Asks: 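This is the structure I want to talk about, given as structure tokens.
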Protein chains: 4
Amino acid sequence: MPKVGMKPIRRKALIDATIAEIGQTGSLDVTVGQIAKRAGMSSGLAHHYFGGKEQMLLAAMRQILTNLQLRVRTNLRHAETPLQRVHAIIEANLDACNFDPDVVASWLTFYVQAQNSAEAQRLLHVYARRLYSNLVVNLSHLLEQPHAEHTARGLGAMIDGIYIRHALEHNAPNRDQSVEIVRDYLDLQLSKIRDQ
Amino acid sequence: MPKVGMKPIRRKALIDATIAEIGQTGSLDVTVGQIAKRAGMSSGLAHHYFGGKEQMLLAAMRQILTNLQLRVRTNLRHAETPLQRVHAIIEANLDACNFDPDVVASWLTFYVQAQNSAEAQRLLHVYARRLYSNLVVNLSHLLEQPHAEHTARGLGAMIDGIYIRHALEHNAPNRDQSVEIVRDYLDLQLSKIRDQ
Amino acid sequence: MPKVGMKPIRRKALIDATIAEIGQTGSLDVTVGQIAKRAGMSSGLAHHYFGGKEQMLLAAMRQILTNLQLRVRTNLRHAETPLQRVHAIIEANLDACNFDPDVVASWLTFYVQAQNSAEAQRLLHVYARRLYSNLVVNLSHLLEQPHAEHTARGLGAMIDGIYIRHALEHNAPNRDQSVEIVRDYLDLQLSKIRDQ
Amino acid sequence: MPKVGMKPIRRKALIDATIAEIGQTGSLDVTVGQIAKRAGMSSGLAHHYFGGKEQMLLAAMRQILTNLQLRVRTNLRHAETPLQRVHAIIEANLDACNFDPDVVASWLTFYVQAQNSAEAQRLLHVYARRLYSNLVVNLSHLLEQPHAEHTARGLGAMIDGIYIRHALEHNAPNRDQSVEIVRDYLDLQLSKIRDQ
DNA sequence: AATGAATGAGCCTTCATTCAT
DNA sequence: AATGAATGAAGGCTCATTCAT
């Protein structure tokens, strides 16, 4: 009995299972069998819907990046001034759901994957670029262009640094502390121009 | 070709080969065979001197952390004021030799390894703790204690963030830009107290 | 070539191949590859169906012990008096099929395996216990209880001794001679009580 | 500083270490390294004195068989009548020192080794033949020749059976019970002829 | 659509053995 | 005499992938 339209359902289940499995094992050494089992299907079917393990990992990566982007957009919808928009971006990137251990572990593996996969590298590049340009666009209303770019780079580094620390230190700054650190940095950059 | 006292020589060669191989392949998926071959010996010998793959990876990790610490100490020797000492620490952590692609790639794999190896986790913890306390000790001469701690956390996150970006973006901020970003952050924190 | 329900078929083939291979090489140093090849499949599949080498060896052991038990039961079905039942047990244990060189070689390796495998030890223990209690139950109709136990121990030792000799001496007593030796021992024990 | 006459000392140490190591690990899977270490020397030296692992195992086997033979001879020295001599042989074979766990484990491995080594097979053959003819010679003074041979075979099987049970059952009949079982068998055989 | 049977390459590890010193 | 450095073959096991059903 051929079921139709299973493709998106199966793919979704596999992507979720991939993230969950990476989160649980804490490494890229997840097997297709483990993922498929968690998703409630055979390993053969996983290949059928994704064509290979790398494709599955990339799909999981895309899902996480897409979620992040959605969060950014949602946050931006309620922001009106450039400053509010910068705050919205920071908070989206440090959103609670990104601190989900599964997601944090997945990020780490994406970095590793990017070392050997052009597509993974491209995806991470897109993420970094998007964060950077989002920040610059809004900061340039508040700061000189070079200063805006400088600040965007600093914010990006801080966000990634906080993130990576969460991947391994269980007593790393929590979400609220993290936001405070980053916003404080932003405030200082903004106050710098005003002081001069 | 001396036949006695080879142990330290072989271990050194293997550690170097491990870092080089991780750097070249960009992943933890380096085989003992590859490493041994690069070090100019058989895989059996690698096991003989290290007892296993994990031990080799941990030894490589220790080597990198030790190098970093040495650099910090060397830099501190020429620093006299607390401010100079903080600068020395930052610069040691962002030293050119840490930007060696092999070293950067190794760092990344260490993060991954730490997810599953208690010893790797411990080593990273020691690194983070040492950086933090080094910074706090010196910053507390310049700032109120809570502010010093806050700043140390921010600096640590920034350093790690810059580092991680280097592991994947070949057009990430270079060494000089990186130092500038971090020192600027430090300056702002220091100026904050003076402005009040 | 059916593609479903292969598990019992494959397992059976592997167990048979294990016994045959042990019989042919005469040691526990049979490789999974050899066994799998003899069973007409890849080594990977052997692991798939058994999970590991030890499991395969244990399964072969169980098979031999089960066969022995079946033989005992079959023989007992045609026995009516206690004496007939004791004879039936002896003959089952010295049955021709147990003198199959493969089976004899396997026994030997089981003894070795039992030195390091709790499960193998348990299986041999069950075998020895079953033989003993089977003998005691029936002998106690013919002899005083302590005498029955003593005789059961003697019979057990003799049976095992004959067996082990077969594992290495090709001119050890053959099946008929063996049965005669054991039955003679039994007769003497039984006549002892009558003479008194 | 070349030491002379080390050969017998080293060989003795290695043989003892071999038996001890087999006894401790309970299997033939002892490595030359383990044995050499236990004997207080390098693995290279072990090879130098024995030429290979198999030679070492065979030497250990010879040592145990020689010990057994010495014990038989010693016991026979105090025996005068044929019956005493048969008793002496039985007791030598079931001597306490043969029940040393190390020795028992070694025996088992010798059986296994005999499956693949012509020399090991020969040694075991010599042992069995010697035991058999020793018994027959003395029994033939007490029984008809065929009956003596029959009894010798039965005694041999019993002795080996008791032995093998000790290799795996820790609650097997102890030394005294074992002697009793075997002597009882002997008594019955002897009484058989008298009764007729 | 879905299964799981099947393969085979590859990895880590162990070990007997050789050899330079 | 003695060491332990060094090799290389082999084994158990895993796993992505393919394929017949």
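Just so we're on the same page: letters track the sequence lines, and every chain starts at 1. No experiment lies behind these values; they were computed from the predicted model shown. Hydrogens, waters and symmetry mates are skipped; everything else that's a heavy atom, side chains included, is used.
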Asks: Now, which nucleotide makes the Watson-Crick or G-U wobble pair with F/dT21, with each of the two distances under 3.5 Å?
Replies: E/dA2
Asks: Mapping C/Ala46 and B/Gly51 onto DNA chain E by nearest heavy atom, which one lands closer to the 5' end?
Replies: C/Ala46
Asks: Rounded to whole Å, how long is the line connecting atom CD1 of C/Ile9 with atom P of E/dG4?
Replies: 16 Å
Asks: Just to confirm, is there a sub-4.0 Å distance from OP1 or OP2 of E/dG4 to any side-chain nitrogen or oxygen of C/Tyr49?
Replies: no
Asks: Return the value, rounded to whole Å, for the distance between atom CZ of D/Phe50 and atom C1' of E/dT18.
Replies: 19 Å
Asks: Checking salt bridge (Lys or Arg N to Asp or Glu O under 4.0 Å) between C/Glu21 and each of C/Lys37, C/Lys53, C/Arg38, which is the one that passes?
Replies: C/Arg38
Asks: Test your reading of the model: is there a side-chain donor-acceptor pair from A/Ser106 to the backbone of A/Asp102, 3.5 Å cut-off?
Replies: yes
Asks: Name the pairing partner of F/dA16, where a pair is Watson-Crick or G-U wobble with both distances under 3.5 Å, or state none.
Replies: E/dT7
Asks: Which nucleotide in the set F/dT17, E/dC12, F/dA6 lies at the smallest distance from any side-chain heavy atom of B/Val32?
Replies: E/dC12
Asks: Please check if the side chain of B/Ser117 supplies one atom and the backbone of B/Gln113 the other of a donor-acceptor pair under 3.5 Å.
Replies: no
Asks: Find the distance B/Leu45:CG to E/dA16:C1' and express it as a whole number of Å.
Replies: 15 Å
Asks: Checking ring-ring contact (aromatic ring centres under 6.0 Å, His included) for the pair A/Trp107/B/Tyr111: CA distance, chi angles, key distance, verdict?
Replies: CA-CA 11 Å; A/Trp107 266 103; B/Tyr111 283 121; over 10 Å; no
Asks: Nearest whole Å is fine: how far is F/dA16 P from A/Glu21 CD?
Replies: 12 Å
Asks: For DNA chain E, whose closest nucleotide is more 5', that of D/Thr31 or that of B/Gly33?
Replies: B/Gly33
Asks: Rounded to whole angstroms, how far apart are NZ on A/Lys37 and P on F/dC15?
Replies: 13 Å
Asks: Could you check how far NE2 of D/His48 sits from P of E/dA20, rounded to whole Å?
Replies: 15 Å
Asks: Return yes when atom CD of A/Gln24 has more than 12 non-hydrogen atoms of other residues, nucleotides or ligands closer than 6.0 Å, and no otherwise.
Replies: no
Asks: Can you tell me the distance, in whole Å, between the CE atom of C/Met41 and the C1' atom of E/dA6?
Replies: 10 Å
Asks: Which residue lies toward the 5' end of DNA chain F, B/Gly44 or C/His47, if each is placed at its nearest nucleotide?
Replies: B/Gly44
Asks: Rounded to the nearest Å, what distance is computed from the CD atom of residue D/Glu54 to the P atom of nucleotide E/dA16?
Replies: 13 Å
